[in-house]
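Down below is the structure, laid out as structure tokens.
These numbers come from the heavy atoms of this one structure, side chains and all, not from hydrogens, waters or symmetry mates.
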Amino acid sequence: MNQLHAATAPIVRGGDFFGPSGSGERKGNVTPVEASNEAKDPTVGKRLWSAAEKLTGVTYL
């Protein structure tokens, strides 16, 4: 549900993160949350993007 909210809610801006509002962000209603250190790390992002391109066979950029 968080992905659907992030993809369709009119108030969402690039760079926003959403997750469950409950304890430990494990369950609950969708709410803005702080991004993890990994999500903020450009090196991790590049590795993820590269892996996604290899796995799908699609180059986006």
Side-chain angles (χ1 to χ4, degrees):
M1 187 61 142
N2 297 329
Q3 295 88 346
L4 178 60
H5 178 82
T8 62
I11 62 166
V12 175
R13 296 176 313 222
D16 287 349
F17 282 79
F18 294 87
S21 60
S23 176
E25 297 177 7
R26 296 180 196 268
K27 61 182 178 177
N29 295 325
V30 177
T31 190
V33 297
E34 181 66 27
S36 68
N37 289 334
E38 290 82 7
K40 296 177 188 176
D41 185 334
T43 301
V44 173
K46 288 176 185 175
R47 287 176 38 216
L48 176 60
W49 196 267
S50 178
E53 288 183 333
K54 286 178 185 175
L55 290 168
T56 63
V58 178
T59 301
Y60 295 96
L61 299 175

Can you name the side chain to side chain donor-acceptor pair (under 3.5 Å) partners of Glu53, sequence neighbours left out? Trp49

Rounded to the nearest 0.5 Å, how far apart are OG1 of Thr59 and NZ of Lys54? 11.0 Å

Please name the pair of heavy atoms, one in Phe18 and one in Val33, separated by the smallest distance, quoted to 0.1 Å. C-CG2, 3.6 Å

By side chain to side chain contact (heavy atoms under 4.5 Å, CB included), Ala52 pairs with (sequence neighbours left out) none

Kindly say whether Gly28 contributes a backbone atom to a donor-acceptor pair with the side chain of Ser21 at under 3.5 angstrom? no

Scan residues 20-41 for pairs that pass ring pair (Phe, Tyr, Trp, His ring centres under 6.0 Å), counting only residues two or more places apart or in two chains. none

Which residues, ordered by chain and number, are linked to Val44 in its hydrophobic cluster, where ILVMFWY side chains connect at heavy-atom gaps below 4.5 Å, directly or through other members? none

With sequence neighbours left out, which residue pairs that include part of residues 20-36 fulfil the salt bridge (charged side-chain N to carboxylate O under 4.0 Å, His left out) condition? Glu34-Lys40

So salt bridge (charged side-chain N to carboxylate O under 4.0 Å, His left out) across residues 3-22, not counting sequence neighbours, yields Arg13-Asp16

